[in-house]
Amino acid sequence: MQLSPRSPLLLSTLLSSFLFLGACGGGGGSSSGNPSSASASSSSQTSSEASSSSDSSSSSSSEALSLHTLADFPIGVAVSAANEPSSIMQDDEAGVAQRAIIEAHFDQLTAGNIMKMSYLHPAQDTYFFDDADALLDYADDNGISLHAHTLVWHSDYQVPDWMKNFEGDATAWLAMYKEHVETIAGHFAGRVPSWDVVNEAFNEDGTYRNSLFNQKLGTAYIETAFASARQADPQADLYYNDFNISNGGDKFQAMINMVDDFIARDIPIDGVGFQMHVFMDWPSIDAIKSSFAAVAERGLKVKITELDIPINNPYSAGYNYPDNYEATFTDELAAAQKKRYCDIVTAYLDAVPADLRGGLTVWGIRDSDSWLISTLFDNNHEDWPLLFDNNFDPKPALYGVADGLTNQPCL
Ligand code: G3I
């Protein structure tokens, strides 16, 4: 992978329990397109609606728009549920507003947290499905599918303590691990169309991450999870999911090598999830298209699983908090972000044949709830990475996605 001196390798320790993001060159907050072009009205209905800017006056046009009806693949969004902050399952203002947005624009949900390991399997002999089942019931009641996330993830926060402290020998570890995957995949079998089976197994240099699972089971933990998931749920599409793989490079190549090996040995895998926590200026659209195409050429599905596009890029030369960063979401930045969303959707349609499009999911509803604010920006300042503003009003970015889905020029 071509990483700049300001690459996220330097920050891998800081974010290792979550995610670390790569970015090359460019100034933070700088646009990947011509900001002025987006304010020019487009011939498309969606673009002309978008040109009204991100203020609340555009919400009425959003009601006329229904994003998911523009695509013949799932259009998803990650949500908080149960009693998490900004849960969609609460009957408070945020819950009601978010459900209205979901039901208008999305036909797939991903649980941002409540289907991770520690939530579903809090003790060795205890599984907890109530919150996930309630979310699934809500989705079912509204004709929405649920992409399940995730069976195996190294993140320290999400590996249950009991698993970290499990003292069995290698045979016992393997049995315990398979039971984890099979019990959870089995519980949801027939109700979810797809799983992120293993999340984030590689380091940036393409070596295997030294996760607990790798330490206990070797790298075979990955194929074991896929085989166990297939056994427990023969119908669901099984994805390998990772970040920083839409830019080519060592990590991307390692993922491709693993996929080729799985295909050669008949290990069940249906697709690759590209998380796509990207930036305005990174990766290039060409790199994104090549990365998608490499997976599609192997006959696997491509799913954009966690898309968000912050305005500030903390890895770029132009970012120097608190001295130099974008502190205001100007119309120009909103327009540039609209174009960037459109360009990425267009790249997806260009590079991935229709039968291999697993869908496109945005990682959150409103800007202020994005994980980026607390984790990447350390709650130092605002950013605006998503499709809806803090009042749940649509941003131009929403219309950028719509333009991309309808093959409109990205302006
Ligand atoms: O629910 C508690 C709340 O009660 C408490 O007051 C608050 C105080 O910190 O914490 C809340 O839990 C937080 C949870 O999100 C729900 O908001 C956790 O601390 C926080 O660590 C957790 O962060 C999530 C992170 O994964 C770790 O699981 C983010 O929301 C979620 O967006 C993020 O998602 C990951 C994907 O799964 C994998 N790819 C990267 C992506 C971003 O890191």
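These numbers were taken from a predicted model, which means no experiment stands behind them. We count ligands from 1, going down the list as the structure has it; atoms in each ligand are counted the same way.
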Undergrad: Taking 4.0 angstrom as the limit and counting only heavy atoms of H277, give me the atoms of ligand 1 inside it, by number and element.
TA: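 Answer for ligand 1: 40 (C), 41 (C).
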Undergrad: Which of the listed options, E200, K116, Q275, holds the heavy atom that is closest to atom 25 (C) of ligand 1?
TA: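 Ranked by closest heavy atom to atom 25 (C) of ligand 1, first place is K116.
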Undergrad: Can you check whether E306 has an N/O within less than 3.5 Å of an N/O in ligand 1?
TA: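 It does: an N or O of E306 is found under 3.5 Å from an N or O of ligand 1.
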Undergrad: Under 3.5 Å, side chain of Q124 to main-chain N/O of M176, donor-acceptor pair present?
TA: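 Not a single qualifying donor-acceptor pair exists.
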Undergrad: Are the side chains of K178 and T224 in contact, using a 4.5 Å heavy-atom criterion?
TA: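 They are in contact (side-chain heavy atoms under 4.5 Å apart), so the answer is yes.
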Undergrad: Look at the side chain of Y221 and the backbone N and O of L174, then say whether any donor-acceptor pair between them is shorter than 3.5 Å.
TA: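 Not a single qualifying donor-acceptor pair exists.
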Undergrad: Under 4.5 Å between any side-chain heavy atoms of T207 and F202, yes or no?
TA: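 No - every pair of side-chain heavy atoms lies 4.5 Å or more apart.
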Undergrad: Under 4.0 Å, heavy-atom basis, I'd like to know which part of N199 is in contact with ligand 1: side chain, backbone, both or neither.
TA: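 Answer for N199: side chain.
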Undergrad: Residue-level breakdown please: for F243 versus ligand 1, do any non-hydrogen atoms fall below 4.0 Å on the side chain, on the backbone, on both, or on neither?
TA: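 Within the 4.0 Å criterion, F243 makes no contact with ligand 1.
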Undergrad: Any chance the side chains of Q275 and N199 put a donor and an acceptor closer than 3.5 Å?
TA: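 Q275 vs N199: donor-acceptor pair found between side chains.
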Undergrad: Can you tell me which portion of P85 lies within the under-4.0 Å heavy-atom range of ligand 1? Options are side chain, backbone, both, or neither.
TA: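 P85 to ligand 1: side-chain contact only, backbone stays beyond 4.0 Å.
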Undergrad: Would H149 count as a polar contact of ligand 1, with the cut-off being nitrogen or oxygen pairs under 3.5 Å?
TA: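 Yes: some nitrogen or oxygen of H149 is under 3.5 Å from one in ligand 1.
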Undergrad: Is K338 reaching over with its side chain to a backbone N or O of K395, donor-acceptor style, under 3.5 angstrom?
TA: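 Absent.
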Undergrad: So, 4.0 Å and heavy atoms of T375: is ligand 1 close enough to count as a contact?
TA: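 The answer is no: ligand 1 sits nowhere under 4.0 Å from a heavy atom of T375.
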Undergrad: Which one of M117, M115, Q158, E84 has a non-hydrogen atom at the shortest distance from atom 28 (O) of ligand 1?
TA: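 That would be Q158.
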Undergrad: Decide if atom NZ of K301 counts as having more than 12 heavy atoms of other residues, nucleotides or ligands within a radius under 6.0 Å.
TA: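 12 or below, so no.
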